[in-house]
Amino acid sequence: MTNTLIENNFRTNRLPHIWCSGCGHGIIMRAITKAVDELGYNKDDVCVVSGIGCSSRAPGYMDFNTFHTLHGRALAYATGVKMAKPELKVIVVTGDGDCAAIGGNHLIHSARRNIDITTIVFNNNIYGMTGGQYSPTTPTGDKGTTAPFGNIDKNFDLCKLVQGAGATYVARSTAYHVNMITQQVKTGLENKGFSFIEAVSICPTYYGRKNKKGDAVSMMNYLKTNAVNVKAADKLPKEKIQGKFLIGEFYKSQEPEYTEEYQKIIDSFQKER
Amino acid sequence: MTAEKTKRLKINKEWCKGCYICVEFCPANVLEIKDGKINIKNIDACIECSQCELRCPDYAIYLGGKKNEK
């Protein structure tokens with residue numbers, strides 16, 4: 001008993017999912033699926049790859065070709081899938097710990113190669129599955145089970161990192177701004193090259209509880225009031241965007257794509273024969 | 001009962017985890033949590049904006065009807 005979007009694109013016998021009450025991941029997963037649905041891709045032409053973590057459980061529920069791989073290695077496996085079958089639309093679903101910590105190198109090198117993979121990071125600022133350890137995106141001063149007196153590390157701005165590494169589409173959205181995620185995933189999938197979408201999620205169970213951010217509703221309201229669209233940010237006075245974070249499309253360009261360049265090498269040798 | 005038939009709002013209590021997100025973001029105050037699960041409090045007020053469907057992390061609430069339902 002559910003609507004067509006869920007019925008057509010999810011393994012409904014696997015639902016309800018394992019995520020906690022109020023977790024933002026379900027909202028983001030639906031938004032991604034909606035993007036694929038609206039683009040009208042054949043489900044067999046889509047491959048969703050994930051690593052380990054809360055976010056990485058998502059492909060288990062999505063009814064496409066799916067691949068649940070090693071911790072942090074989602075992008076490495078996805079690179080293999082894309083190289084073997086360049087015609088597939090490869091989506092990587094990963095978390096902040098998965099892609100920014102253990103998989104940090106895979107992330108920057110996939111971006112550097114500009115391989116045609118659409119990566120969506122479910123950023124909940126903490127390692128949820130393993131018990132609330134602080135991650136590379138936990139804001140400085142915030143608490144985790146491994147940082148009981150506050151995190152002294154500086155947190156990554158993933159969008160800036162990936163843009164610097166050479167991705168051709170970089171955007172950020174939040175679990176509150178659902179339609180924006182759908183729009184960005186659509187643009188990312190249509191972009192020929194490495195597309196990176198940071199979807200800021202909420203973790204009421206660990207991050208919220210450890211940092212006294214309230215329940216799921218107050219965390220959603222936090223996203224609603226503290227996200228500033230990058231288009232509006234330039235026009236707003238500085239004090240109005242103090243302490244807030246930017247959402248929207250940060251970067252978009254067209255550059256040679258990795259699998260196409262690789263094919264050119266193969267073609268050049270086949271001509272010589 | 002007649003109103004319930006004309007409005008398309010559907011709920012699936014089995015999937016609901018009672019997170020209050022739909023209750024908070026419903027602009028017409030249609031929903032409530034009863035015994036830890038979602039409940040339609042006032043169906044007549046529903047404006048079918050589908051905000052609840054968009055925001056439900058558990059896909060437990062949606063708008064039915066020919067276009068959206070099998």
Side-chain angles (χ1 to χ4, degrees), chain A residues 1-31 33-34 37 54-55 57-58 61-62 122 124 174-183 199 201-205 208 214-224, chain B:
Chain A
M1 193 176 100
T2 184
N3 70 346
T4 12
L5 178 74
I6 307 296
E7 194 76 44
N8 290 345
N9 298 293
F10 282 87
R11 296 168 180 152
T12 45
N13 58 340
R14 299 272 175 207
L15 291 169
H17 51 62
I18 60 148
W19 295 318
C20 307
S21 167
C23 176
H25 287 9
I27 304 171
I28 303 168
M29 182 165 76
R30 183 184 182 279
T33 313
K34 196 175 173 207
D37 191 73
C54 286
S55 60
R57 295 298 292 250
Y61 306 111
M62 297 160 89
F122 292 29
N124 57 4
T174 80
Y176 177 80
H177 304 83
V178 197
N179 289 331
M180 191 186 260
I181 303 178
T182 307
Q183 197 51 50
S201 186
I202 54 172
C203 176
T205 305
D215 58 0
V217 170
S218 41
M219 290 184 85
M220 284 290 266
N221 278 321
Y222 175 85
L223 295 181
K224 182 182 172 184
Chain B
M1 277 311 280
T2 47
E4 231 169 283
K5 273 180 190 166
T6 51
K7 298 278 182 180
R8 299 178 296 153
L9 194 64
K10 301 272 175 69
I11 54 176
N12 180 355
K13 288 197 187 200
E14 276 180 26
W15 288 4
C16 178
K17 291 175 187 157
C19 67
Y20 283 88
I21 287 175
C22 58
V23 179
E24 169 73 15
F25 292 105
C26 174
N29 198 15
V30 174
L31 304 161
E32 65 174 353
I33 299 284
K34 204 175 175 184
D35 303 326
K37 298 277 179 184
I38 188 66
N39 188 44
I40 298 173
K41 180 172 66 177
N42 180 13
I43 187 67
D44 293 331
C46 179
I47 54 169
E48 302 195 345
C49 64
S50 83
Q51 282 282 321
C52 50
E53 180 182 335
L54 197 67
R55 303 199 185 284
C56 177
D58 296 285
Y59 324 126
I61 186 161
Y62 61 99
L63 285 178
K66 272 181 194 161
K67 216 178 115 207
N68 299 320
E69 212 171 16
K70 264 196 174 173

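Atom set for the values below is all heavy atoms of this structure, side chains included, hydrogens, waters and symmetry mates excluded. Chain identifiers are assigned alphabetically (A, B, ...) following the order of the sequence lines, protein sequences preceding nucleic acid strands; residue numbering begins at 1 within each chain. All values reported here derive from a predicted model rather than from experimental measurement.
Taking 4.5 Å as the heavy-atom cut-off, the residues of residues 16-31 of chain B that approach chain A are B:K17, B:G18, B:C19, B:Y20, B:I21, B:E24, B:F25, ordered by number.
In terms of heavy-atom proximity, A:P16 sits nearest to B:E14 at CG-O, 4.2 Å. Taking all atoms of both residues into account, the shortest heavy-atom contact from B:L54 to A:I27 is O-CG2, 3.9 Å.
Every residue meeting the side-chain contact (heavy atoms from CB on, under 4.5 Å) condition with A:S201, not counting sequence neighbours, appears here in chain and number order: A:H25, A:I28, A:N124. Here B:E32 pairs with B:K34, B:N39, B:K41 under the side-chain contact (heavy atoms from CB on, under 4.5 Å) rule; sequence neighbours left out. Take B:Q51 and apply the side chain to side chain donor-acceptor pair (under 3.5 Å) test, not counting sequence neighbours, and it matches B:R55.
With a 4.5 angstrom heavy-atom cutoff, A:T12 touches chain B via backbone and side-chain atoms both. Only the side chain of A:F10 comes within contact range of chain B, with heavy atoms under 4.5 Å apart. For A:I6, the part lying near chain B is the side chain, with the backbone staying farther off; criterion is any non-hydrogen pair under 4.5 Å.
Between the side chain of B:Y59 and the backbone N or O of A:G26, at least one donor-acceptor pair lies under 3.5 Å.
Counting heavy-atom pairs under 4.5 Å between each of A:T182, A:V178, A:D215 and chain B puts A:V178 at the top. Of the residues considered (A:C20, A:S21, A:P204), A:S21 shows the highest number of contacts with chain B, using heavy-atom pairs under 4.5 Å.
Few gaps surround CZ on A:R11; more than 12 heavy atoms of other groups in view lie less than 6.0 Å from it.
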